[in-house]
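Here is the structure we will look at.
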Amino acid sequence: LQSTIDLLRRHPKATIIWAHTGLGRVVSPFGSGAGPAQRSPEHLRILEKVLMDRDLSHVYFDISWDEVAKYIVATPESIAATAKLIDRFPDRFLYGSDEVAPASRTGYQTNYVMLKPLWDSMSPETVQKVKKLNYERLFDAARLKVRAWEKLNVTSIE
């Protein structure tokens, strides 16, 4: 974890969206104390540590992926703790579908529906930011930065 934090610190001008809130295929690492339907008890504390660090204000968290949703909604306590954290830092979380090759269009909705208890546990303002407004803000800003870079660095190929 510390090596990842160090990497994030080395790139303060980059907008970083940490996919799946840092969870990977192996969600509860060996020795974490988490059971098969739980994420590591340290997971939310790690997110909070990053969110509170002023030097990491360029780091955002994506809550897509059904594996992440599964751990968020595993218990009433996990829903409440996640909602509380996101409500404290509503500008730093984004939602996405992250569904790999669904068999039908409804496959893209699976994660969204699974997160209904989370949506219902947060303020309406936070939910709007996570679902849409943060994405718009970050990606609109990125588009402007890319165009400015292109203007300075790309020459015409005519």
Side-chain angles (χ1 to χ4, degrees), residues 1-100 102 106-143 145:
L1 174 66
Q2 191 56 50
S3 60
T4 300
I5 299 294
D6 293 343
L7 175 66
L8 298 174
R9 284 184 199 285
R10 286 196 301 268
H11 301 281
K13 292 184 180 178
T15 299
I16 297 170
I17 300 172
W18 198 342
H20 313 143
T21 68
L23 297 176
R25 182 56 70 187
V26 179
V27 177
S28 50
F30 177 77
S32 70
Q38 300 172 328
R39 59 188 155 177
S40 165
E42 295 299 313
H43 183 246
L44 287 179
R45 286 189 281 275
I46 291 166
L47 298 184
E48 182 180 36
K49 180 181 176 183
V50 170
L51 292 163
M52 291 179 65
D53 188 325
R54 291 179 193 264
D55 292 335
L56 297 174
S57 63
H58 62 291
V59 178
Y60 300 83
F61 291 99
D62 157 60
I63 63 168
S64 65
W65 194 31
D66 57 349
E67 289 297 312
V68 175
K70 179 173 69 175
Y71 290 92
I72 288 172
V73 301
T75 67
E77 294 79 18
S78 64
I79 295 165
T82 304
K84 182 179 176 183
L85 182 67
I86 296 174
D87 265 330
R88 278 182 57 207
F89 301 94
D91 296 327
R92 303 281 294 279
F93 289 87
L94 298 101
Y95 168 76
S97 63
D98 200 356
E99 185 68 28
V100 179
T106 59
Y108 286 109
Q109 299 169 340
T110 303
N111 186 44
Y112 180 83
V113 171
M114 192 182 305
L115 287 172
K116 184 174 182 349
L118 177 68
W119 305 136
D120 293 345
S121 299
M122 295 186 299
S123 76
E125 295 80 15
T126 295
V127 172
Q128 281 303 316
K129 286 182 176 187
V130 173
K131 287 181 181 179
K132 182 179 178 184
L133 299 178
N134 292 339
Y135 172 87
E136 287 179 342
R137 176 176 46 84
L138 292 176
F139 282 74
D140 286 352
R143 184 176 293 112
K145 289 177 185 177

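What you see is a predicted model; the values in this text were computed from it and never measured.
Closest of all the heavy-atom pairs between Tyr60 and Arg137 is OH-NH1, 3.8 Å. Contact between Ser64 and Gly96 at its shortest, heavy atoms only, is CB-O, 2.6 Å. Across Asn111 and Trp65, no two heavy atoms sit closer than the pair OD1-O, 3.3 Å. The two residues Leu44 and Ala81 have their closest heavy-atom pair at CD1-CB, 3.5 Å. For the pair Asp53 and Asp55, the tightest heavy-atom approach, listed with the atom from each and the gap, is OD1-N, 2.8 Å. Listed here is the closest heavy atom pair of His11 and Ile16: O-CD1, 4.4 Å.
When atom types are taken as modelled, the side chain of Arg9 and the backbone of Leu56 share no donor-acceptor pair closer than 3.5 angstrom. Under the 3.5 Å distance criterion, the side-chain polar atoms of Asp62 are left unmatched by any main-chain donor or acceptor of Trp18. His43 contributes a side-chain N or O that, together with a main-chain N or O of Thr21, makes up a donor-acceptor pair within less than 3.5 Å. The main-chain N or O of Pro90 is found under 3.5 Å from a side-chain atom of Asn134 such that the two form a donor-acceptor pair.
Ile63 contributes atom CD1, which lies 4.5 Å from atom CD1 of Ile86 (distance to the nearest 0.5 angstrom). Rounding to the nearest 0.5 Å gives a distance of 10.5 Å between CG of Leu94 and CZ of Arg92. Atom CE of Met114 and atom CD of Gln109 lie 13.0 Å apart (nearest 0.5 Å). With rounding to the nearest 0.5 angstrom, the CG atom of Leu85 is 4.5 Å from the CZ atom of Phe93. Taking OG1 from Thr82 and CE from Met122, the interatomic distance works out to 9.0 Å, rounded to the nearest 0.5 Å. Here OG1 of Thr126 is found 8.5 Å from CG of Asp91. Values are rounded to the nearest 0.5 Å.
With respect to the salt-bridge test (charged N to carboxylate O, under 4.0 angstrom), the residues Asp87 and Lys84 do not qualify.
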* Asked: So Lys49 and Ile5, side chain to side chain contact (heavy atoms under 4.5 Å, CB included) or not? Walk me through it.
  -> CA-CA 10 Å; Lys49 180 181 176 183; Ile5 299 294; 5.8 Å; no

* **From CA spacing to verdict: side chain to side chain contact (heavy atoms under 4.5 Å, CB included), Phe139, Ile17** => CA-CA 11 Å; Phe139 282 74; Ile17 300 172; 3.9 Å; yes

* To do: Would you sort out whether Phe89 and Met52 count as a side chain to side chain contact (heavy atoms under 4.5 Å, CB included), showing the intermediate values?
  => CA-CA 9 Å; Phe89 301 94; Met52 291 179 65; 3.7 Å; yes

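Partners of Lys116 under the side chain to side chain donor-acceptor pair (under 3.5 Å) rule, at least two apart in sequence or in another chain, are Asp120. Under the side chain to side chain donor-acceptor pair (under 3.5 Å) criterion, Glu48 pairs with Arg88, not counting sequence neighbours. The side chain to side chain donor-acceptor pair (under 3.5 Å) check on Arg54 picks up nothing, with sequence neighbours excluded.
Relative orientation of the Tyr112 and Trp119 rings is tilted, given thresholds of 30° and 60° on the angle between their planes.
Other residues, nucleotides and ligands contribute at most 12 non-hydrogen atoms within 6.0 Å of the OH atom of Tyr135.
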